[in-house]
Amino acid sequence: MALLTYRKAVAHGIAQEMRRDPRVVFFGEDVAAAGGVFRTTTGLLDEFGPRRVRDTPISEQAILGAAMGAAMTGLRPIAEITYGDFFALCWDLIANEISKSRYMSDGQVSIPLVIQCGNGAGLRLGAQHSQSVENWAMAVPGLKVVAPATARDVIGLMAAAVRDPDPVVFFNHKALYGATEEIPDLDREIVEELGKAVVRRTGDDATIVALAAMVPKALAAAERLSQESGIECTVVDVRSLVPLDTATILEHTARTGRLFTVEENPRLCGWGAEIVSIATEECWGALTGAPVRITTPHIPLPSADALEELAIPSVERIAQTVASAMGDSRA
Amino acid sequence: MALLTYRKAVAHGIAQEMRRDPRVVFFGEDVAAAGGVFRTTTGLLDEFGPRRVRDTPISEQAILGAAMGAAMTGLRPIAEITYGDFFALCWDLIANEISKSRYMSDGQVSIPLVIQCGNGAGLRLGAQHSQSVENWAMAVPGLKVVAPATARDVIGLMAAAVRDPDPVVFFNHKALYGATEEIPDLDREIVEELGKAVVRRTGDDATIVALAAMVPKALAAAERLSQESGIECTVVDVRSLVPLDTATILEHTARTGRLFTVEENPRLCGWGAEIVSIATEECWGALTGAPVRITTPHIPLPSADALEELAIPSVERIAQTVASAMGDSRA
Amino acid sequence: MSIDSLHTPEATPKEVSKETAIALYRTMSTARKFEQRVHDLFLKDLVKGPTHLGIGQEAIAAGVAAAMREDDYSFITHRGHSHLVARGTPLAPLMAELLGRDSGLMRGKGGSTHLIDAERGVLGSYAIVGAQLVIANGAAWSAQYRDSGQVTVCVFGDGATNTGAFHEALNLAVIWNLPVVFLCENNLYSRYTRVDSVTAVDNPAADRACAYGLASTVIDGNDPDEVHLTVATAIELARTGGGPALIEAITFSHGGHSGADPAGYRDPGEVRAWKDLDPLVTYRARLKSRGITDEVLNGIDAEIVAQIDAATEEAMAGDWPAVSRLYTNVWSDGGHAWRN
Amino acid sequence: MSIDSLHTPEATPKEVSKETAIALYRTMSTARKFEQRVHDLFLKDLVKGPTHLGIGQEAIAAGVAAAMREDDYSFITHRGHSHLVARGTPLAPLMAELLGRDSGLMRGKGGSTHLIDAERGVLGSYAIVGAQLVIANGAAWSAQYRDSGQVTVCVFGDGATNTGAFHEALNLAVIWNLPVVFLCENNLYSRYTRVDSVTAVDNPAADRACAYGLASTVIDGNDPDEVHLTVATAIELARTGGGPALIEAITFSHGGHSGADPAGYRDPGEVRAWKDLDPLVTYRARLKSRGITDEVLNGIDAEIVAQIDAATEEAMAGDWPAVSRLYTNVWSDGGHAWRN
Ligand SMILES: Cc1ncc(C[n+]2csc(CCOP(=O)(O)OP(=O)(O)O)c2C)c(N)n1
Ligand SMILES: Cc1ncc(C[n+]2csc(CCOP(=O)(O)OP(=O)(O)O)c2C)c(N)n1
Ligand SMILES: [Mg+2]
Ligand SMILES: [Mg+2]
């Protein structure tokens, strides 16, 4: 079974690490007996038992508090907060405690834990269950921030996250759960590295930087641009916002002269702004046009499918934005 | 008494609105009997009584929940969360409820409230009581975001915030409480407008965009640059991140060709990145050099005075950064 | 919590009037049939999103709403359809909302989990478990401040009792003596997890009352009379300055957590036992014992079906929201501009 | 809560040994004299930041620490100096931390409100009220998981009992049967506000025990023997699988909330009454009644003063942190890089 869904990759990745390291525990709301709200963690309770795989009450602060205390004292917890939106319920733990305690203690304690969630839109869940909040985490010093776009990366980046000695916030994307990938070496251990972007497509005219569910959309847009306008794009899958692979992003931005970011974050203060700012400052001389951000508008997400579709960057919007910006710069 | 401290302006601004509108109530931890942890709200309980000015338990969710429910049903609450850092404890109310309920209900309800806090560093309070989190609020659609730099603006922007029909997050800056300002018309009603930046200094060589405690620092740096390097800077006090006065920012950026942002936010995804991204895209042809962000490094804030001083942008660092970037662009 | 451990703190409540009884039946039956229709449309992929149904729990919505004054406020949960029905929200815009139409109660922006009908005092379904408890306090405080005599009823699930918001809300409500009635719909499950497996006490709401100096009240959530009378007493007390109350109503959801959930995690025996306690069935029997004929009740049901048919037809005929709707009503000026 | 309403659930605890009693005295006296020195330095603007002192509350830190195994974990509050002293943190680096020196326990990065001494099991002072309760659960869970026999003691203030974290923590600790002892230092005030004015029950911690199926235990927090014996019993129970406990110790802070707070919001009569119950004074009297002479106790005090003098001198001689320290230990690799 080398064809794996992104959904199944979640449990696969966690199981791989739990087999390897008895310090790894996994817990959250409905993750054990029910196998997760999105059926992403089916089988973990059966394999590892209730000592290591646990259901919790609806107590997001208690979940992350338990993760932090356990991480400080020798365990390697993976805690699930069902939706990225719910980070708002335990943001103190994330933004004030887990991220800062190592620094405040000048290294007396480490917090090696992973916080996993289902992030992003596309499931018609409305404004409070559809947000992309990886920018919230990126804005907080002391957190590593990871968001896989493929089933293989779900496994490999989870392995890297669990093995990392510092706190990692891990954003699975809800709209990708059904996506499949051929993984020939699925029977072997898969481990990726944090802080390494992947170039998913190469082209000389422009660089599109994308993350998570925006990666397949950016790739589709790049194909369309190639066919319809002859514009050849490089597509960089950032994978990890912290550490950020600025080397890869800047290399391709400089080489192509044009940068586009595609993000689900609402308009203001998303990670696109960060990457655009870095690239503008550091590739100034090489840029042949202004970097352009493609984002969700700065609005809460609507529930109705017709409206939700319009809010999130689409293949069409990406292609059109790139084409018209490239037209401008060529004009 | 026309010379007013920023500290006293807080109570003055709230009192002005409470006198005008009986729907305005004010509450938070230690704000009533004790007059506020920073003695910013002294006298309000005496003047308006315990029906309108209230102490609460240490229940940040309950505080903002009460504010939201009251705002939905006819009151105009001003709720205090002592420190901006503590938004993390009630972030669900801010980021998921208060900001989104008007949109989700398609306008059936309005949430006219103000959340006031003490924001920013400089008081040696360490990583969990010193953060500048206005970028957290800016990143959430549905919130207006205000941060006054002067005593007069504390009053005038509070008036605008209270009168605004939508939720406003109001960031007083802890390091400015002692700053004084001559306010000749203090005996009259002072009302400013949200979404209007103020040009605090005019110069033709570069534009420095700053907020709150960074405004006096940017002004001092501009003076130094003028005297030491002959570089003349325009200094824009943003005052309101949402709505954002892009017209003023872009006008001066285009006119001077150079943009610098000065913010207390840690490096990644601060409001500086947003303004730099907007300006780069919209002033591309007019820019004579890359926009440059001056920020706190991406680290938690240390407690010791010697270290805290080094972390926050200083007059010297602002001046040096501008001078060296301008040198580059002139070379 | 099991069925057997139900206890009512005071003696069995007095009977409701025949008129009220018929109204309660009508509300329950409307909610039931409405949600059955929603489920049909969900299975046809016409209603999207999670779609949490409260089939089996209608006695609570009916009993509560009948005890409320028109201008009282309701705060409810993600499982909120029946409460809107009970408070009189017209069925067509309600259905249209679930269908994502422009004629929806919120033009499709909110959907099933974020229903709100401000005109009828329903100040929202809250999809973040527990949030409504702290927000309800604010509405109650406002009513107290304005001396309007309005009472706020805040409904929440058993799962909400383990959130921090629950604790903060109850404490504040008591110290400010707010006119708010907190009502727990304890349907024994918090999504896919038995609430008793994640809760330190047996009655997740009532056994916490002691922590706020409140009385512990557990009622049969499948008995609309008991719900009605208990809540009416609490509301009356709150309205006259007696402060908050906390009531736990035991009930059961016939279906799973959401529209797509087969609820395989529940014991079939448990489901069967609770279906025997179906409030529509048992209440119908009670009405009959009070002399209300099948004919009358069948007549009511037929009316309801006709209403729901009409509402569904009207809703289905609605347009999809226009693109421009995406950008309306972020702000009170109707727009979404964040810049000039 | 007033002094009079103190009650001990079981009969007066048994006496501690003379040896333990002297150790308790030594700890209390060290904590007292250390904090008095800190206050002096604060008034000279050498110690900066808020500087929450626990003068008057030392019996709790002393009694608790004496009941703990060396490898047990402590989670404490922003008012934590005395707990570090009690667990044996060397005074020089502790003082150096408060002075913001490079030789500080955390090189000045944490300061008075974020003290941590991992080597001695003090896994942190928490400046966000209530956070330590949920985090302490994690340490307890880890000990349970590793079967290490370690117990976690989590100290918190009365004000913390109204946070959501308190509720979530207690519930989880009970359902997971964690080896954790929650101890409330009820000093009657939550910053400048009397806790009873913002709390729905009289004993903010103990009166909440019922909500988690725990026993309600209120003790005299100014009696180190009672603290010691009560906590020792709870720790022993937790260590042997008996699960969590919740203890409320009533005490009083002689000074204000922070170094700069004159505490004008308190009634002078109240302060005077509590100063009469100063644990150092009353315990000294008890020791004398147990035959321990003034000479012995004065000798201990003199030793302590000498230690504190030496520690202060050492700390004051320390360098300021180098610029480079700003960038160390964000990550476990020692650095702060967020990019390549
Ligand atoms: C704070 C929060 N955590 C988790 C969830 C996910 N969630 C949605 S409904 C639900 C179960 C709620 O159970 P209960 O309160 O008993 O209500 P019921 O669904 O049984 O009516 C959960 C965990 C949420 N919406 N909010
Ligand atoms: C969540 C949170 N809210 C508010 C504060 C501000 N604050 C710091 S100490 C304090 C009072 C704490 O009172 P208590 O828990 O009784 O401890 P004590 O200071 O009396 O020892 C408050 C409100 C905080 N640090 N954290
Ligand atoms: Mg339930
Ligand atoms: Mg206290």
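If you're wondering where the values come from, they're calculated on a predicted model, not measured in any experiment. Here is the naming used below: chain letters follow the sequence lines, and residue numbers restart at 1 for every chain.
- Contact annotation for B:Ile63: neither backbone nor side-chain heavy atoms come within less than 4.5 Å of a heavy atom of chain C.
- Atom CD1 of residue C:Ile128 and atom CD of residue B:Glu97 lie 5.5 Å apart, to the nearest 0.5 angstrom.
- Neither the backbone nor the side chain of B:Leu194 comes within less than 4.5 Å of any heavy atom of chain C.
- Formation of a donor-acceptor pair under 3.5 Å by the B:Asp166 side chain with backbone atoms of C:Ser332 is found in this model.
- When C:Gly110, C:Ala136, C:Ser142 are compared by the number of non-hydrogen pairs under 4.5 Å with chain B, C:Ser142 comes out ahead.
- A distance of 10.0 Å separates CD of B:Gln108 from CG of C:Asn329, quoted to the nearest 0.5 Å.
- A distance of 14.0 Å separates NZ of B:Lys100 from NZ of C:Lys109, quoted to the nearest 0.5 Å.
- In this structure, the side chain of C:Arg146 engages the main chain of B:Thr73 through a donor-acceptor pair within 3.5 Å.
- Contact of the C:Tyr73 side chain with the B:Met72 side chain is not registered, since no non-hydrogen atoms from C-beta on lie closer than 4.5 Å.
- Taking CZ of B:Phe27 as the start and CH2 of C:Trp176 as the end, the distance is 5.5 Å to the nearest 0.5 Å.
- Salt bridge annotation for B:Glu282-C:Arg339: present, with a cationic side-chain nitrogen under 4.0 angstrom from a carboxylate oxygen.
- Proximity to chain B is absent for every atom of C:Gln132, based on heavy atoms less than 4.5 angstrom apart.
- When only modelled atom types and interatomic distance are considered, B:Arg52 and C:Tyr145 share a side-chain donor-acceptor pair under 3.5 Å.
- With respect to chain C, the highest number of heavy-atom pairs below 4.5 Å among B:Pro22, B:Gly142, B:Ser240 belongs to B:Gly142.
- Among B:Arg102, B:Met68, B:Gln61, the residue making the largest number of heavy-atom pairs under 4.5 Å with chain C is B:Arg102.
- In this structure, OG on B:Ser59 lies 7.5 Å from CD1 on C:Ile175, to the nearest 0.5 angstrom.
- Between C:Leu172 and B:Ala62, the closest heavy-atom pair is CD2-O, 4.1 Å.
- Counting heavy-atom neighbours within 6.0 Å of B:Glu47 CD, excluding the residue itself, gives a total above 12.
- The closest side-chain heavy-atom distance from B:Tyr103 to C:Leu326 is below 4.5 Å.
- Pairing each heavy atom of C:Ile116 with each of B:Ser105, the nearest pair is CG2-CB, 3.3 Å.
- If you tally non-hydrogen atom pairs under 4.5 Å between each of B:Leu64, B:Asp92, B:Asn96 and chain C, the highest count goes to B:Asp92.
- Note: C:Asn340 leads C:Asn171, C:Asn340, C:Thr328, C:Asp117 in heavy-atom pairs under 4.5 Å with chain B.
- The CG atom of B:Asp164 lies 9.0 Å from the CG atom of C:Asp333; values are rounded to the nearest 0.5 Å.
- Note on B:Leu250, B:Thr248, B:Asp245: by heavy-atom pairs under 4.5 Å with chain C, the leading option is B:Asp245.
- Residue contact with chain C, scored on non-hydrogen atoms closer than 4.5 Å, is absent for B:Ile98.
- Counting heavy-atom pairs under 4.5 Å between each of B:Lys144, B:Arg54, B:Glu60, B:Lys196 and chain C puts B:Arg54 at the top.
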